[in-house]
Peer 1: 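Here's a structure for you.
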Amino acid sequence: MNEEHSSGGARSFRLHNNQIPARPLEPALYLVATPIGNLGDITLRALETLAGADVLACEDTRVTRVLLDRYGIQNKPYAYHEHNADEAGPRLLQALEAGRSVALVSDAGTPLVSDPGYRLAVQAIEAGYKVVPIPGASAPLAALVGSGLPNDAFFFAGFLPAKDKGRRDRLAELAGVPATLIFFESPHRIAATLAAAADVLGGERAGAVCRELTKTFEEFRRGTLSELASFYDAVDNVKGEIVWLVGPPAESVVAEADVDAILADLSGTMPTAKAATEAARLTGLPRKELYQRLLGMKERHG
């Protein structure tokens, strides 16, 4: 990363057979959003940044090279990922210290969203360097606007824990959030995850599974969580990248006495933690709040 420009070649990009010069960039860390599937989903500002940066860092050089070649960008990408962050991160910070421009991309979508770029961005901010977001494609937002679910408030929760108990506990914590919930999931776990979601959040709650966004076989499947869980339980080999969503809980006003009655009834047939989880599903109230409330009830009544 010691060259003046990481490719040593022209700073330009190609658009419709026209080679367009890239203007020099001021020293900063540029967080550049890249396409999540369709390579046409790239902004002009992103292309100019990728072509003009002194240093270009990415998760996988092979993936980024495909994008660069599509737009005639000669800049050479350097790898920065979770396995080499301890070595590559300080070198990128040194480039910033030397007054150079550094562009960071993930394999797809907006950097820092479920990828290791967050660590570098925080280090750059703490060191006083300028950080510039170059917005563009985002899988969570694409899924949200295509899902048909309410989008006035949403909560991105990333990946759920892989183990069933951790998955269910996290879903219970999110049960009462008054917003559409957005998750990533791997294709081989989507059936089990939807089954857990239907059980914890309620099978009647609205949901959507968005697969292969912006790609040839893009698919939106909408329905209740029970319907979605049943569908994917019957599919042998789910393929592609997945974003799935859950609509906000139905508004309900539950009287204090009714909440206590629900907790008392449930705790008579199941452990405290499970009773709190089920009460959260029934009332829409936060599981942690219900768990502490149930502990207090038990303490008061011996």
Side-chain angles (χ1 to χ4, degrees), residues 1-8 11 25-37 39 42-43 45-69 73-141 156-163 166 170 182-189 241-243:
M1 298 185 192
N2 295 320
E3 303 95 332
E4 179 59 27
H5 186 245
S6 55
S7 70
R11 300 178 188 236
L25 298 173
E26 66 173 314
L29 173 62
Y30 295 84
L31 307 175
V32 186
T34 55
I36 58 177
L39 292 183
I42 187 78
T43 69
R45 187 181 179 205
L47 290 174
E48 188 168 41
T49 302
L50 295 178
D54 294 322
V55 178
L56 174 56
C58 64
E59 280 188 88
D60 188 323
T61 57
R62 295 165 298 180
V63 172
T64 299
R65 189 71 261 166
V66 172
L67 176 65
L68 299 180
D69 289 345
I73 297 173
Q74 298 180 27
N75 210 346
K76 178 182 177 182
Y78 294 94
Y80 173 82
H81 46 70
E82 60 183 338
H83 302 297
N84 77 342
D86 288 340
E87 177 185 353
R91 294 208 302 269
L92 294 173
L93 292 173
Q94 288 171 7
L96 291 171
E97 184 178 1
R100 306 173 74 195
S101 56
V102 176
L104 175 68
V105 300
S106 60
D107 284 348
T110 302
L112 278 63
V113 179
S114 289
D115 78 45
Y118 174 76
R119 179 178 175 184
L120 178 65
V122 170
Q123 291 172 334
I125 291 170
E126 291 177 345
Y129 302 121
K130 186 174 183 178
V131 174
V132 181
I134 308 295
S138 168
L141 292 180
F156 175 66
F159 284 94
L160 290 171
K163 294 186 177 179
R170 180 59 175 153
I182 307 175
F183 303 89
F184 287 157
E185 190 52 278
S186 63
H188 71 273
R189 283 205 302 260
E241 297 180 348
I242 291 174
V243 183

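As the structure is a computational prediction, the values presented were derived from the model and not from experiment.
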Peer 1: What I'd like to find out is whether the side chain of L29 reaches to under 4.5 Å of the side chain of V132, using heavy atoms alone.
Peer 2: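 Heavy-atom side-chain distance check fails, nothing below 4.5 Å.
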Peer 1: Please lay out, stage by stage, how I125 and K130 fare under the test side chain to side chain contact (heavy atoms under 4.5 Å, CB included).
Peer 2: CA-CA 7 Å; I125 291 170; K130 186 174 183 178; over 6 Å; no
Peer 1: Measure the shortest side-chain to side-chain distance between L93 and Q123 over non-hydrogen atoms and say whether it is less than 4.5 angstrom.
Peer 2: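 A side-chain contact under 4.5 Å exists here.
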Peer 1: Could you pull out all residues at least two apart from S101 that satisfy side-chain hydrogen bond (donor to acceptor under 3.5 Å, both in side chains)?
Peer 2: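 Result, side-chain hydrogen bond (donor to acceptor under 3.5 Å, both in side chains) vs S101: D54.
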Peer 1: Taking D107 for the side chain and T64 for the main chain, is one N or O donor matched with an acceptor at less than 3.5 Å?
Peer 2: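 Looks like no, no N/O pair under 3.5 Å.
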Peer 1: Are L68 and L56 packed together at the side-chain level, in the sense that at least one heavy-atom pair is separated by less than 4.5 angstrom?
Peer 2: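 They are in side-chain contact.
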Peer 1: Please assess I242 against F184 for the test side chain to side chain contact (heavy atoms under 4.5 Å, CB included), listing each intermediate value before the final yes or no.
Peer 2: CA-CA 6 Å; I242 291 174; F184 287 157; over 6 Å; no
Peer 1: Report the C-alpha separation of L31 and I134 in whole Å, then their side-chain angles, then the decisive distance to 0.1 Å, and conclude whether the side chain to side chain contact (heavy atoms under 4.5 Å, CB included) test is met.
Peer 2: CA-CA 6 Å; L31 307 175; I134 308 295; over 6 Å; no
Peer 1: With rounding to the nearest 0.5 Å, note down the distance linking CZ in R65 to NZ in K76.
Peer 2: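 Between atom CZ of R65 and atom NZ of K76 there are 10.0 Å.
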Peer 1: Which atoms form the tightest heavy-atom contact between L39 and I42, and what is the distance?
Peer 2: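 Nearest heavy atoms, L39 then I42: O-CG2, 3.7 Å.
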Peer 1: Using side-chain heavy atoms (C-beta onward) and a distance below 4.5 Å, is V102 in contact with Y30?
Peer 2: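 No, every pair of side-chain atoms sits at 4.5 Å or beyond.
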Peer 1: Looking only at non-hydrogen atoms, find the nearest pair between R170 and P161 and report the distance.
Peer 2: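 Closest heavy-atom pair between R170 and P161: CB-CD, 4.0 Å.
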Peer 1: Ring centres of F183 and F156 under 6.0 Å apart?
Peer 2: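 No; F156 has its ring centre 6.0 Å or more from that of F183.
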Peer 1: Which pairs, with at least one residue in residues 132-141 and sequence neighbours excluded, count as a salt bridge (Lys or Arg N to Asp or Glu O under 4.0 Å)?
Peer 2: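 Applying salt bridge (Lys or Arg N to Asp or Glu O under 4.0 Å) to every pair that reaches into residues 132-141, excluding sequence neighbours, yields nothing.
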Peer 1: Hey, what do you get for CD (E82) to CD (E59), rounding to the nearest 0.5 Å?
Peer 2: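 Going from CD on E82 over to CD on E59, the span is 8.0 Å.
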Peer 1: If only atom types and distance count, is the side chain of D69 paired as donor or acceptor with the main-chain N or O of V66 below 3.5 Å?
Peer 2: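 Checking the backbone N and O of V66 against the side chain of D69, no donor-acceptor pair under 3.5 Å is found.
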Peer 1: Give the minimum heavy-atom separation between P135 and A33, together with the two atoms involved.
Peer 2: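 P135 and A33 have their closest heavy atoms at C-CB, 3.8 Å.
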Peer 1: Taking only residues two or more places apart in sequence, or in another chain, which ones meet E126 in a side-chain hydrogen bond (donor to acceptor under 3.5 Å, both in side chains)?
Peer 2: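 With neighbours one apart ignored, the set is empty.
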Peer 1: So which atom in T61 and which in A79 form the shortest heavy-atom distance, rounded to 0.1 Å?
Peer 2: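 For T61 versus A79, the nearest heavy atoms are CG2-N, 3.8 Å.
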Peer 1: Do L96 and P27 have side chains that approach each other closer than 4.5 Å (heavy atoms only, starting at C-beta)?
Peer 2: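 Side-chain contact under 4.5 Å: no.
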Peer 1: So how far is it from T110 OG1 to I36 CD1, rounded to the nearest 0.5 Å?
Peer 2: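 One finds 9.0 Å between OG1 of T110 and CD1 of I36.
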Peer 1: Mind listing the closest non-hydrogen atom pair of E97 and Y129 along with its distance?
Peer 2: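 That closest heavy-atom pairing would be CB-OH, 3.2 Å.
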Peer 1: Can you see which heavy atom on V32 is nearest to which on A103, and at what distance?
Peer 2: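 Residues V32 and A103, closest heavy atoms: CG2-CB, 4.2 Å.
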